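Worksheet for the structure shown next.
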Amino acid sequence: MAAAYARWRSEAYEREFVGRSPRRPFVTDVGLEIEPLYTPADLEKAGFDYGRDLGFPGAYPFTRGDRAAMYRSEPFVISAYAGFGDGEVCNRRFKNLLEIGAEQILVALDLPTQCGYDSDDPMAAAEVGQVGVAIDTLADMEALFDGIPVDSVKRVGTLGNSIGPIALALYAALGEKQGVAWSDYTVNLQNDPLKEYIARGTQILPPAPAARLACDAVTWCIDKTPHWSPMTVCVNHINAGGAGSSAATAIALSNALHYIDAMLAAGHAIDDVAPLIHMFPDERHDFYISIANLRALRRIWARLMRERYGASRAEALSLQTTVYGHGQESLQEPLNNIVRTAFGTLAYVLGGASYVYLACYDEAVSTPGEESMRVALRTLQIIANEHGIADAIDPMGGSYLIETLTNQVERQILDSLAEIERLGGALSVIDTGFGRRLMTEGAVRRQRAIDSGQRPWVTVNRWPQKPNVPNTAFRGDPEAVDRQLRRLNAVRAQRDGKRVAAALAKIDRACAEGRNVTPAVLEAVRAYASVGEICRIWRDRFGIFTPSTDF
């Protein structure tokens with residue numbers, strides 16, 4: 001086979017390029033070169049073994065999927081990510097999304113909420129209800145989900161990376177207010193603070209106590225709600241910042257291992273911890289790498305959980321993934337982003353993602369409008385239900401191209417993970433500047449590829465057009481901020497101040513004594529303590545994060 005391939009390449013393929021060059025370098029964002037053709041020789045060279053490297057869906061090493069029947073029994077969960085203004089106006093958007101078929105609602109929080117500031121804090125000025133909904137107290141959650149029982153949706157959740165126990169408590173208390181038992185609905189949180197220090201920047205505390213609080217939310221669920229998903233470790237923002245999907249996956253895995261090690265050190269069992277941790281992979285530049293990345297990640301997770309930690313339960317070995325369908329969206333001619341995000345999402349589905357939501361075509365322009373949200377949701381429904389796309393399990397399995405790339409991506413991730421562990425693990429990625437440096441170098445490399453034309457981008461460097469911000473771009477409700485401030489003031493005036501003070505004192509004692517803070521946070525949320533008041537306790541106890549300038 002190798003000899004036949006070499007003959008074809010020299011006598012047929014390369015002869016076509018006599019006097020001319022290939023259209024462009026066929027190099028992916030992660031640095032892997034795509035060969036013109038893949039054959040059985042590529043798998044033979046890699047020592048590919050079906051039983052060891054693939055197996056069957058729902059079985060170790062889970063390369064082919066986390067469930068046996070995959071989308072034949074139940075399609076991926078069709079998710080919607082939305083949030084703007086205050087709970088009242090955003091509630092209408094949620095009802096509309098559910099009416100047209102959304103199965104999971106992920107709440108986009110505004111930056112003050114994510115960073116632990118109340119809407120009337122000077123630090124929140126001009127940001128309240130922008131790029132997310134403002135949530136100060138349980139009253140806002142009640143307004144946000146008014147008329148939407150939490151058990152009427154497959155999953156509800158939010159990111160809330162630096163306020164994990166608070167976000168968890170808000171959903172737990174909301175269920176109580178609605179009279180729904182915790183066992184009857186599922187909450188999904190991102191709750192991954194460690195990536196914030198190098199990626200998005202909504203960190204509040206120093207990394208070690210931030211990770212501790214995130215783990216508190218997970219261990220509370222082990223005892224109270226083991227079917228919830230209290231931690232989704234994020235690759236997305238690290239890759240978006242420039243790291244590349246393979247290195248970003250390694251950083252995210254190191255974060256996951258840090259959380260796991262902390263929970264095991266506290267006495268929890270790996271077979272209880274691992275099922276509650278999901279991951280949020282991301283590859284937005286190369287279709288085939290997207291498929292390979294998801295398959296490689298599941299295989300790496302299964303082997304790490306079994307070989308490093310001794311996990312035995314299938315739920316601990318089979319990683320579930322949430323993905324966000326991107327496709328290198330542009331400001332130029334935003335409608336083209338419908339095609340881009342559809343292809344990006346298709347790759348994730350072919351890779352076997354568990355939960356899928358999709359970037360709206362106007363997301364590069366503004367907060368998505370109702371029409372673009374509808375198009376995004378319909379795109380997911382079409383992929384899930386039409387053209388037979390979801391009929392076959394792991395349809396790309398066995399492809400010479402995909403299996404070769406899966407092996408290569410797996411090697412890249414493992415090599416990067418080994419380098420991180422030599423540095424000292426997840427906290428060292430932050431402390432040494434390794435993560436920031438990796439992202440900066442990658443962002444520069446990407447921009448050079450675009451500027452040189454090596455990476456074609458229609459309407460940007462191919463058939464370039466001027467950026468287009470249409471008059472139909474979404475505009476928020478100008479009265480939402482005033483409503484939010486009135487609601488917050490009313491809550492403070494009507495709540496039991498002594499109860500709030502006692503609950504906040506319990507949080508402080510739990511922090512000081514090294515106990516799980518989640519029960520005390522839940523008590524405070526029930527008393528209508530605010531996000532800012534709880535985070536003030538944390539800041540006073542643990543301090544705030546100050547970036548090093550040494551690197």
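When reading the values below, keep in mind they use all heavy atoms of this one structure, side chains included, and skip hydrogens, waters and symmetry mates. Treat the numbers as computed from the prediction; the structure is a model and nothing was measured.
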Who are the ring-ring contact (aromatic ring centres under 6.0 Å, His included) partners of [X], not counting sequence neighbours?
X	result
Y50	F56
Y5	W8
Y400	none

Does D286 have any salt bridge (charged side-chain N to carboxylate O under 4.0 Å, His left out) partners at least two apart in sequence or in another chain, and if so, which? R455
With sequence neighbours left out, write down each residue that passes salt bridge (charged side-chain N to carboxylate O under 4.0 Å, His left out) with R448, or none if nothing qualifies. none
Name all residues meeting the side-chain hydrogen bond (donor to acceptor under 3.5 Å, both in side chains) criterion together with [X]; count only those two or more places apart in sequence or in a different chain, and write none if there are none.
X	answer
S79	Q104
E513	R515
N255	none

Does anything in residues 238-273 form a ring-ring contact (aromatic ring centres under 6.0 Å, His included)? List the pairs, not counting sequence neighbours. none
Sequence neighbours excluded, which residues qualify as side-chain contact (heavy atoms from CB on, under 4.5 Å) partners of A240? R284
Only counting residues at least two apart or in another chain, list the ones meeting side-chain contact (heavy atoms from CB on, under 4.5 Å) with S416. A247, A250
Check ion pair E103-K154 (N to O, under 4.0 angstrom): yes
Does D271 reach the main-chain N or O of R313 with its side chain, forming a donor-acceptor pair under 3.5 Å? yes
For residues 393-418, pull every pair meeting salt bridge (Lys or Arg N to Asp or Glu O under 4.0 Å), keeping only residues two or more places apart or in separate chains. R64-D394, R295-D394, R295-E403, R299-E410, R303-E410, R411-D415
